[in-house]
Amino acid sequence: MIDVRPAVPGDGDVLGEIHAAAWEAAYAPFFAPGFAAQAVRDRRGRWHARITGQHGRETVLLAVRDGRPLALSFCGPSESRPGLAEVYSCYSHPDGWGSGAAAVLMTETLRHLRAAGFTRVHLWTLRDTPRSRRFYTKAGFFESGGERTFDFGDGNPLVQIEYERSCRSVSTTGADTSGDGTTGPG
């Protein structure tokens with residue numbers, strides 16, 4: 001069984017481990033080994049501040065499968081697209097890849113954003129990470145046409161692609177479960 005709940009201050013280490021393991025598996029190959037190792041260490045320690053720094057505008061959700069935390073999402077209002085929500089981070093521990101935890105988490109993230117009054121959400125992911133891009137497409141996101149470069153701190157900017165969708169609930173098969181029978185970019 002997969003449960004999704006808001007993260008609490010005591011979850012900082014677990015969130016850091018999920019982020020670090022996912023980042024290492026998906027992103028480390030893009031960087032020099034020393035930079036990647038430091039980036040993984042940094043990700044283990046940053047979540048305590050994020051959880052305690054939430055002021056009602058941002059939310060961190062945690063997916064737990066059979067008692068083991070496996071995935072996290074961090075979302076709130078978009079700073080670059082007024083009126084839209086943004087998924088700032090969505091990471092699944094590699095041990096949870098294929099378990100369904102990330103899909104359930106995304107469904108709950110969208111439900112949370114919709115309850116907060118948002119109708120649309122966007123996110124950014126690296127262009128050259130086919131696993132994440134497949135996941136977002138399967139979750140009902142589409143490429144908006146937005147593209148930007150992002151420098152993780154090593155002076156080597158990487159291309160990110162923007163994805164967008166409505167906050168209506170859409171299953172991981174792409175079927176609309178909101179009851180109005182619509183899907184897609186509208």
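Treat the numbers as computed from the prediction; the structure is a model and nothing was measured.
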**Asked** Which atoms form the tightest heavy-atom contact between A71 and I18, and what is the distance?
**Response** N-CD1, 3.7 Å

**Message:** Measuring only between side-chain heavy atoms, which start at C-beta, is L70 closer than 4.5 Å to V64?
**Reply:** no

**Asked** Is the shortest heavy-atom distance from the side chain of D13 to the side chain of H48 under 4.5 Å?
**Response** yes

**Item:** Min side-chain heavy-atom separation L84-V121 under 4.5 Å
**Value:** no

**Prompt:** Are S144 and H122 close enough that a side-chain donor and a side-chain acceptor fall under 3.5 Å?
**Reply:** no

**Request:** Calculate, to the nearest 0.5 Å, the distance between atoms CH2 and OG belonging to W124 and S78 respectively.
**Result:** 9.5 Å

**Asked** Side chains of L105 and L61: does their closest heavy-atom pair fall under 4.5 Å?
**Response** yes

**Fill in**
In terms of heavy-atom contacts, P69 and V14 come closest through CB-CG1, 3.2 Å

**Prompt:** Do D11 and R5 have side chains that get closer than 4.5 Å, going by heavy atoms?
**Reply:** yes

**Prompt:** Between the main-chain N or O of M1 and the side-chain N or O of D66, is there a donor-acceptor pair closer than 3.5 Å?
**Reply:** yes

**Request:** Would you check, one step at a time, whether the test side-chain contact (heavy atoms from CB on, under 4.5 Å) holds for H112 with T59?
**Result:** CA-CA 9 Å; H112 171 80; T59 300; 2.9 Å; yes

**Request:** Output every pair passing salt bridge (charged side-chain N to carboxylate O under 4.0 Å, His left out) with a member in residues 80-108, not counting sequence neighbours, ordered by first then second residue.
**Result:** R68-D95, R81-E162, R81-E164, E108-R111

**Message:** Could you walk me through whether I51 and L15 satisfy the side-chain contact (heavy atoms from CB on, under 4.5 Å) test, starting with their C-alpha distance in whole Å, then the side-chain angles of each, then the deciding distance to 0.1 Å, before giving a yes or no?
**Reply:** CA-CA 10 Å; I51 295 171; L15 295 166; 3.0 Å; yes

**Closest contact, heavy atoms only, T109 versus C75** = CG2-SG, 3.9 Å

**Nearest-0.5 Å distance that lies between atom NE2 in H19 and atom OG in S92** = 12.5 Å

**Item:** Reported CG-to-OG distance for the pair L113 and S166, which is rounded to 0.5 angstrom
**Value:** 11.0 Å

**Request:** Flag yes if L62 and W97 sit in one hydrophobic cluster, no otherwise; membership is Ile, Leu, Val, Met, Phe, Trp, Tyr, and two members link when side-chain heavy atoms are under 4.5 Å apart.
**Result:** no

**Item:** Test item: S73 and Y91 side chains (from C-beta on) under 4.5 Å apart, heavy atoms
**Value:** no

**Fill in**
With sequence neighbours left out, the residues meeting side-chain contact (heavy atoms from CB on, under 4.5 Å) with F150 are F152, Q160

**Message:** Using a 3.5 Å distance criterion without hydrogens, assess whether the side chain of R133 forms a donor-acceptor pair with backbone atoms of T129.
**Reply:** no

**Validation row, ring centre W23 to ring centre F31 under 6.0 Å** = yes

**Message:** Looking at R165 and A139, would you say the former's side chain and the latter's main chain have a donor-acceptor pair under 3.5 Å?
**Reply:** yes

**Item:** Separation between CG of L123 and SG of C90, rounded to the nearest 0.5 Å
**Value:** 8.0 Å

**Nearest-0.5 Å distance that lies between atom CD in E143 and atom OH in Y136** = 13.0 Å

**Message:** Quick check: W47 with F74 (ring centres under 6.0 Å apart)?
**Reply:** yes

**Message:** Side-chain heavy atoms nearer than 4.5 Å, only ILVMFWY residues, links allowed to pass through others: does that put L126 and L72 together?
**Reply:** yes

**Item:** Distance in Å, S132 OG paired with Y163 OH, rounded so as to fall on 0.5 Å steps
**Value:** 7.0 Å

**Prompt:** Are the side chain of D151 and the backbone N or O of G155 linked by a donor-acceptor pair below 3.5 Å?
**Reply:** yes

**Asked** Given side chains that start at C-beta, do those of S89 and R50 come closer than 4.5 Å, heavy atoms only?
**Response** yes

